[in-house]
Amino acid sequence: MVEQFQAPKGTHDILPPESYRWVKLVASFAQVMNRAGYGLVQSPMFEDVGVFQRLGEGTEVVRKEMYDFYDKGDRHLALRPEGTASVVRAFNQYQPTTPWKVWYVTPCFRYEEPQAGRFRQHHQVGAEAVGSADPDLDVEVIATQHDFYQSLGLSSLSLRLNSMGSADDRRTYTEHLAGWLNQRLDDLDEADRLNVAAHPLRVLDSKRERTVQATADVPCITDFLCADAAEHFSRVQAGLQALGVAYEVDTRLVRGLDYYTYSTWEFAAGGLSSAQNAVGGGGRYDGLAESLGGKRVSGVGFGAGIERILLAADAESALEDASANLDVFVVDITGGDVGRDITFELRRHGISADRAFGGRSMKAQMKVADRSGARLALLVGPDEHAQGMVTLRYLRSEAAQISLSRVGLAQQLVAVLAQN
RNA sequence: CGGGCCGUAGCUCAGUCUGGUUAGAGCGCCGGGUUGUGGUCCCGGAGGUCGGGGGUUCAAAUCCCCUCGGUCCGCCCA
């Protein structure tokens with residue numbers, strides 16, 4: 001008995017018809033991003049582990065979820081846990097003119113226990129605008145992400161927005177927050193106390209009842225913004241308002257990655273439980289390029305989880321009709337030569353066409369034709385073959401079947417398809 | 001890393017508590033319902049070492065132990 005393999009823990013195969021939704025989603029994303037002047041970037045799925053370690057030693061992703069390994073040359077590499085670091089690494093490497101506006105679609109890997117909406121390999125679409133600190137780019141990126149969700153028909157999303165201020169602001173606030181929390185350690189949930197020393201910002205993100213109550217009047221990051229950061233935040237908000245992108249300022253919004261400064265945001269799906277309702281988030285990052293050995297430039301971008309988006313789409317019945325939409329199915333019971341030739345003739349004229357294989361009976365072939373979802377069936381039997389004709393049968397209506405000449409078949413079908 | 005649930009036909013599951021004839025259903029698949037025609041209907045068929053191993057027993061899908069896998073919750077994230 002040979003061992004039967006299955007997809008590794010936390011991974012999944014995306015098969016038809018589900019994969020049609022992926023094609024549609026990615027196509028929508030590509031269209032929205034290209035229209036905004038963003039170009040596709042394809043970078044390696046693995047990098048030197050150091051690229052990802054710069055995401056911050058305090059992050060879960062780096063501390064315990066990294067999918068790292070040593071290759072045959074003893075290089076320490078890691079599969080990407082998120083998209084931004086690779087893009088910034090590439091920016092440093094090629095130094096393109098700025099702002100460098102790019103988008104990507106990629107698998108992401110995190111070694112963790114899988115559950116609903118969480119995998120060891122998941123997929124993200126994302127975009128980055130690197131090399132400019134202009135707050136209008138924050139606006140553009142957020143609004144474009146918003147428009148992407150809209151293009152999928154998602155309507156129950158909410159956007160939370162915050163500002164972490166400059167790197168100095170962030171540091172000052174973090175220290176102040178740590179002190180504030182330390183004086184109230186006993187009031188916090190036990191599980192959150194460890195974070196106070198290691199990662200005080202994370203405590204703000206806690207959903208534990210006790211901690212939430214104890215930090216109800218916690219100092220706000222927005223009270224610690226320098227003049228420049230405050231001005232930036234204000235312009236971002238004005239821009240979103242002008243573009244009709246609804247948002248809510250949430251001064252407790254803390255995201256999982258350490259590198260964010262200035263704007264940070266997260267889109268949540270109303271239809272999903274809070275454990276996995278985040279369908280995408282992003283922020284501005286001032287120190288990342290420099291920490292990866294590049295110049296001191298700022299960037300802003302987001303990542304959005306495809307699986308999460310599809311879950312959200314399920315919850316509000318969006319993105320459902322995404323099937324193949326075959327035009328014609330060819331049925332040939334004369335041996336297959338005619339069916340083979342007609343199928344290719346149609347395809348070469350831009351008509352989507354499929355056929356049955358295996359030399360089965362007409363009844364069997366018709367069943368396959370029906371299941372294919374095709375609008376029309378073309379039947380070729382001995383009679384049609386002898387007369388140089390084919391029979392056109394309508395699979396989605398009650399119209400009577402008709403005969404068409406084999407000569408100029410594709411042109412005739414183009415006309416038929418146009419009027420149905 | 002802590003905890004719950006579940007592994008029986010391709011899929012969804014019943015049967016397990018109260019061991020006992022050839023292990024079932026629905027859907028799907030294949031074939032047929034006279035001469036070459038799908039979707040409804042009818043008939044027939046293929047398909048399962050009951051996750052794996054060990055134990056108890058005259059007898060195990062069913063009871064016990066071990067093990068592997070899946071799934072979900074917490075935490076955290078996409």
Side-chain angles (χ1 to χ4, degrees), chain A residues 1 3-12 15 55 58-65 80-84 105-126 145 189-192 194-195 199 202-203 205-209 211 254-257 266-269 272-282 302-312 329 331-335 356 358 360-386 390-398 400-401:
Chain A
M1 187 68 168
E3 178 189 3
Q4 186 166 59
F5 296 105
Q6 55 184 322
K9 186 184 182 76
T11 69
H12 53 152
L15 313 172
L55 300 177
T59 64
E60 299 280 313
V61 166
V62 171
R63 265 199 350 255
K64 54 183 195 185
E65 295 176 0
R80 73 158 50 114
E82 58 97 55
T84 303
V105 48
T106 181
C108 293
F109 305 86
R110 296 178 192 176
Y111 195 88
E112 56 187 341
E113 288 309 307
Q115 57 184 254
R118 199 181 68 183
F119 311 96
R120 289 191 173 175
Q121 176 178 340
H122 75 282
H123 303 77
Q124 291 188 15
V125 294
Q145 185 181 4
D189 188 289
E190 198 173 351
D192 289 314
L194 288 175
N195 269 332
H199 206 89
R202 181 75 63 241
V203 178
D205 202 28
S206 173
K207 295 180 182 93
R208 297 183 179 89
E209 191 56 32
T211 300
V254 172
R255 296 191 32 78
L257 303 169
E266 188 168 297
F267 283 87
L272 302 180
S273 75
S274 69
Q276 66 258 5
N277 69 352
V279 295
F302 69 85
I306 294 179
E307 287 87 349
R308 291 286 175 81
I309 292 170
L310 291 175
L311 280 177
F329 196 93
V331 170
D332 173 13
I333 55 169
T334 66
R360 304 215 276 155
S361 71
M362 173 163 283
K363 177 170 180 164
Q365 292 194 42
M366 283 300 293
K367 280 192 169 202
V368 180
D370 185 53
R371 278 192 313 245
S372 76
R375 296 163 61 190
L376 307 174
L378 283 185
L379 283 59
V380 181
D383 295 346
E384 288 91 342
H385 188 30
V390 301
T391 296
L392 169 62
R393 187 167 174 80
Y394 295 88
L395 295 174
R396 306 295 157 218
S397 76
E398 298 305 316
Q401 62 188 39

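Quick note on labels: first sequence line is chain A, next is B, and so on, each numbered from 1.
- Nucleic acid contact for A:A304: none, since no nucleic acid atom lies under 4.0 Å from a heavy atom of the residue.
- If you check every strand for non-hydrogen atoms under 4.0 Å, A:G281 touches nothing.
- Note: CD (A:E266) to P (B:A78) measures 7 Å, nearest angstrom.
- Not a single donor-acceptor pair, N or O on each side, falls under 3.5 Å between the base of B:G31 and the side chain of A:K367.
- Looking at heavy-atom distances under 4.0 Å, A:D383 makes contact with a base.
- Within the 4.0 angstrom heavy-atom criterion, no nucleotide atom of any strand lies near A:F329.
- Taking side-chain N and O atoms only, A:K9 has a distance below 4.0 Å to OP1 or OP2 of B:G70.
- In this structure, A:Q401 reaches the bases: a heavy-atom distance under 4.0 Å links it to at least one base atom across the strands shown.
- Put simply, CG on A:L379 is 10 Å from P on B:U37, counting in whole angstrom units.
- A:E307 pairs in a side chain to side chain donor-acceptor pair (under 3.5 Å) with only one of the listed residues (A:H122, A:Q124, A:Q121, A:H12), which is A:H12.
- Distance, A:R80 CZ to B:A78 C1': 14 Å, rounded to whole Å.
- Across all strands, A:E112 comes closer than 4.0 Å to base atoms (heavy-atom distances).
- The side chain of A:Q115 approaches B:G74 more closely than any other nucleotide in the set B:U37, B:G70, B:G74.
- Taking a pair to require two hydrogen-bonding distances under 3.5 Å in either a Watson-Crick or a G-U wobble arrangement, B:C75 remains unpaired.
- Across the interface with RNA chain B, nearest-nucleotide mapping of A:A364 and A:Q124 shows A:A364 to be the residue nearer the 5′ end.
- Residue A:V279 is classed as a sugar-phosphate contact, given heavy-atom separations below 4.0 Å to backbone atoms only.
- Along RNA chain B, the nucleotide nearest A:Q121 and the nucleotide nearest A:V368 are compared for position; the residue whose nucleotide lies closer to the 5' end is A:V368.
- No engagement by A:Q365 is indicated, since no non-hydrogen atom pair under 4.0 Å with the nucleic acid exists.
- At a cut-off of 3.5 angstrom, counting only N and O atoms as typed in the model, there is no donor on one side facing an acceptor on the other between the side-chain of A:R202 and the base of B:C76.
- Of the C1' atoms belonging to B:C42 and B:C50, the separation is 32 Å, rounded to the nearest Å.
- The side chain of A:Q6 sits closest to B:G70 out of B:C76, B:G70, B:G38.
- Partner assigned to B:U62 is none, using Watson-Crick or G-U wobble distances below 3.5 angstrom.
- The nearest whole Å value for the distance from the NE2 atom in A:H122 to the P atom in B:C76 is 17 Å.
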Would A:V380 and A:V331 count as a side chain to side chain contact (heavy atoms under 4.5 Å, CB included) here? Give the steps. CA-CA 6 Å; A:V380 181; A:V331 170; over 6 Å; no
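- Rounded to an integer number of Å, the gap from CG of A:L395 to P of B:G39 is 11 Å.
- Residues A:R360 and A:D332 are not paired through a salt bridge, judged by the lack of any N-O separation under 4.0 Å between the basic side chain and the carboxylate.
- The base of B:G36 sits within donor-acceptor range of the side chain of A:E384, with an N or O pair under 3.5 Å.
- Rounded to an integer number of Å, the gap from NZ of A:K363 to C1' of B:U35 is 14 Å.
- Distance, A:R120 CZ to B:C76 C1': 15 Å, rounded to whole Å.
- Between the side chain of A:R118 and the base of B:A78, no donor-acceptor pair under 3.5 Å is found.
- For A:R371 and B:C30, the shortest distance from a side-chain N or O to OP1 or OP2 is below 4.0 Å.
- Taking atom CD1 of A:I333 as the reference point, atom C1' of B:G38 lies 14 Å away to the nearest angstrom.
- Comparing the P positions of B:G19 and B:C29 gives a spacing of 40 Å, expressed to the nearest Å.
- Put simply, CD1 on A:I333 and CD on A:E384 are 7.5 Å apart, with the number rounded to the nearest 0.5 Å.
- Taking the side chain as every heavy atom from C-beta outward, A:L376 and A:F329 never approach each other to under 4.5 Å.
- Counting only heavy atoms from C-beta on, A:M366 has its side chain closest to B:G38 among B:G31, B:G38, B:A78.
- For B:C30, the OP1/OP2 oxygens have a side-chain nitrogen or oxygen of A:R360 closer than 4.0 Å.
- A donor-acceptor pair under 3.5 Å is absent between the side-chain atoms of A:R118 and the main chain of A:G10, judged by distance alone.
- Between A:A304 and A:I309, the shortest heavy-atom distance links the atoms CB-CD1, 4.0 Å.
- A:V105 has its side chain out of reach of A:H123: every pair of non-hydrogen atoms, C-beta onward, lies at least 4.5 Å apart.
- Nucleotide B:U37 forms a pair with no other nucleotide shown, judged by Watson-Crick or G-U wobble geometry with both contacts under 3.5 Å.
- Under 3.5 Å, the side chain of A:D370 and the base of B:G38 form at least one donor-acceptor pair of N or O atoms.
- Distance noted for atom P between B:C63 and B:C75: 34 Å (whole Å).
- Put simply, A:R393 has no side-chain N or O that comes within less than 4.0 Å of OP1 or OP2 on B:G39.
- Across all strands shown, A:E398 has heavy atoms under 4.0 Å from base atoms, whether or not it also approaches the sugar-phosphate.
- For A:M362, counting side-chain heavy atoms from C-beta on, the closest listed nucleotide (B:A78, B:U37, B:G38) is B:U37.
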